[in-house]
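To start, the structure under review is shown below, and the notes come after it.
Numbered from 1 within each chain, the chains take letters A, B, ... in sequence-line order. Keep in mind that the numbers below use all heavy atoms, side chains included, and drop hydrogens, waters and symmetry copies.
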2 protein chains.
Amino acid sequence: MGRKRTKSGKIRLAEVAELAGVSPITASRFFRNPEALSVAKRTRVESAAKELGYVPNLAARALASQRTEVIGVLIPSLTNNVFSDVLRGIYDASEGSRYSIQLSNTRYSILQEEKLLRLFLAQKPAGLIVTGIDQTTESRAMLEAADCPIVQIMEIGPDPVDMMIGFSHYDAARAAVAHLFEQGRRKIGFVGARMDPRVQRRLDGYVSAMKDAALFEQRLVVTTATPTSVTLGGALFTDLLAREPNLDAVFCANDDLALGVLFECRRREIAVPEQIAIVGFNDLEFMASAVPTLTSVRTNRYEMGKTAATMLIEAIDGRRPEQPVLDLGFRVIERQSSSPRHSDSRPTVSGVGTANKMVALPSSHD
Amino acid sequence: MGRKRTKSGKIRLAEVAELAGVSPITASRFFRNPEALSVAKRTRVESAAKELGYVPNLAARALASQRTEVIGVLIPSLTNNVFSDVLRGIYDASEGSRYSIQLSNTRYSILQEEKLLRLFLAQKPAGLIVTGIDQTTESRAMLEAADCPIVQIMEIGPDPVDMMIGFSHYDAARAAVAHLFEQGRRKIGFVGARMDPRVQRRLDGYVSAMKDAALFEQRLVVTTATPTSVTLGGALFTDLLAREPNLDAVFCANDDLALGVLFECRRREIAVPEQIAIVGFNDLEFMASAVPTLTSVRTNRYEMGKTAATMLIEAIDGRRPEQPVLDLGFRVIERQSSSPRHSDSRPTVSGVGTANKMVALPSSHD
DNA sequence: AGGAACGTTGACAGCGCTACCAGCAACGAC
DNA sequence: GTCGTTGCTGGTAGCGCTGTCAACGTTCCT
């Protein structure tokens, strides 16, 4: 209510202070630490600000206070569904806080990341969210020298720069392969695209699980540096099939590839899961809807983004979390595409708890 | 080369100027308008800045110059593939320019949009990109009063605030229905979710095309305000089928719904396209890979974002485009899912030019 | 040769806000 | 009753940069 066009000159803090009958500095305090004011002045400033439609000048604030209220976010891709979920979480968490998000796209290049990091750091951000744990030495040094809280997201690993939230892609891949073993599969192929560090670790997990079972063969692995797509899934699967016609399962590094494999099976009239089982990664929405429904490894992407931003904001405000490293775990969602061979074809959308784990961390109470 | 930790005090413009042996103001000019300097001073300042690793303080610059180098972007959703493509275009175009992107998510709420707009405008952005043409009256007024260039994206309509880039969702839907008519389909259902203004206009286009052919029936339309998903596509289609068992085609308001319909057909053993044809909207990557391949209306999302940001930056720099309103058109990509009934089942991935159109605009040369 | 015009440079002031410190009143402890 | 102590408020002095305008040297024109 009471909105008015403020055409006659701009509304500065001084105007608010004047209307409220206090000094500018008191008005300033109202916006930064309202509790420090007496109740009388607080309400006076509040209503004055509202009446004038005052909006603080962020540039002046940043200049005077020598810090910004910007959270820098570096992610590898804007189009990948995985990151858009994470981003949504980050934006949701930042909303309502006084921090704004500055987003940049590294395009899966750690050199680009380094460049952007330098840019970001120069603006003295309040906090930083970076993707993954594979920064350049230079980036790592900059991050460690930065005097703001930092969260690394998407995966967990040894020696975090500061805070860290994610899960083990390696363990998740092992769990997926273990699930296929349980279903009696032996000739399990791996299909991967882009091969960024996280996909690489999924591959590592697959390889180790297969080796543990003495089932590993190099020709079961088909990968490419090409960006992922559904179509690519079909192509890689075709390649895989040519190398190993007796394949009985495919573990796909992501769900798009899995969908592509499913379509390719349909095109070739390969029965899923009777002939070949399919397991994806990420558990995008469509996996539960496909025919047959597709098994996948569920990851908590939205929660990851939201928690990362929340932790970061808490840390900026001086309340460091008691657990600086958070493993959000994963979960193999078993569906028809990896049912036993003589499946009755009924959905089996039951999450198993086995793979849902939390890594033990220092100082874990609560 | 020559990177060094600048630990001893911060590098300000004054330091650069001192090292270069010029006044601070000259150094300042170097960064804003290098041509105004003599070659000698220019090189001196340049090397001084490089040697000291000078990075301008944006807050101080914004405060002193009373303007920022921020482009505000308001989009309805972060997770929708459509917008992530647009966003990628925007970010790509902004890269290399001196402008940075400030992104906010309206969540399909025009009230939220109004709120964010107010916030953005208060920071005096260099330019603004907003989604669609359905702002609140208040938002519209703010946009018109804003003293920065503005681009409306995603669709075109009458009286733009400033610049506009998109296409006619109405025409695109009509073209999709016309294509189905050409294939001999008559009982064509419409499936839509979320029902934001653009989806609504697709529905309008569908309705008008059906009415033109005297084939419209209300029960052929199934919509919901629920956010879209593949699973929802199946559910809405189930609903539609219950209302009209003799359906021979479905026009889906987006590709996710179309994929859901395809899966549901498979579940019900409905032959596509023999029994029912499917047409989607947006032409996401997976459409070409599905079995059968899925017909869709291709839209130029990445280009839209990229062009919007490019136009905006040009306008900010004082070079207004000769064409303030740009129709990027669309194209019906015909695939198997809408082949004639007695299809030989071979792919027909041929784009037709018929639906690809450009609206006539004032002062169109070049 | 004198003056205008241009290109280049610098001095000054101030953008709107906050850090810092000082001041004042009210209160309790001794 | 005096002396901290606390809670609240205000004054002063910039934060680092740029807009404006004036001044300078040089060139070109008449």
Does any pair with a residue in residues 48-75 of chain A pass ring-ring contact (aromatic ring centres under 6.0 Å, His included), and if so which ones, sequence neighbours excluded? A/F31-A/Y54

Contact state string [nucleotides 10-15 of chain C, B base, S sugar-phosphate only, - no protein heavy atom under 4.0 Å]: BB--BB

Short side-chain to backbone donor-acceptor contact, A/R44 and A/A20, under 3.5 Å: yes

How many Å lie between [atom1] on [X] and [atom2] on [N], as a whole number?
| X | N | atom1 | atom2 | answer |
| --- | --- | --- | --- | --- |
| A/Q123 | D/dG16 | CD | P | 13 Å |
| A/N33 | C/dC17 | CG | C1' | 16 Å |
| A/K124 | D/dC17 | NZ | P | 10 Å |
| A/E35 | D/dC8 | CD | P | 10 Å |
| B/I11 | D/dC15 | CD1 | P | 15 Å |
| A/R32 | C/dC17 | CZ | C1' | 8 Å |
| B/F30 | C/dT9 | CZ | P | 13 Å |

Phosphate-side-chain proximity, [X] and [N], N/O vs OP1/OP2 below 4.0 Å:
| X | N | result |
| --- | --- | --- |
| B/S38 | C/dT9 | yes |
| A/R61 | D/dC15 | no |
| B/Y54 | D/dC17 | yes |

Is A/E18 atom CD crowded by more than 12 heavy atoms from other residues, nucleotides or ligands, each under 6.0 Å away? no

Rounded to the nearest 0.5 Å, what's the gap from CG on B/L116 to CG on B/L121? Could you check? 11.5 Å

Heavy atoms of A/D134 and A/E155 approach each other most closely as OD2-OE2, 3.7 Å

NZ/NE/NH1/NH2 to OD/OE distance under 4.0 Å, A/E114 and A/R118: yes

Run the numbers on B/D92 and A/R107 for side chain to side chain contact (heavy atoms under 4.5 Å, CB included), then give the verdict. CA-CA 10 Å; B/D92 281 3; A/R107 300 167 193 210; 2.5 Å; yes

Using a 4.0 Å heavy-atom cut-off across all strands, classify [X] as base, sugar-phosphate, or nothing.
| X | answer |
| --- | --- |
| A/R42 | nothing |
| A/A36 | sugar-phosphate |
| B/F31 | nothing |

Return whichever of A/L37 or B/S28 has its heavy-atom-nearest nucleotide of DNA chain D closer to the 5' end. A/L37

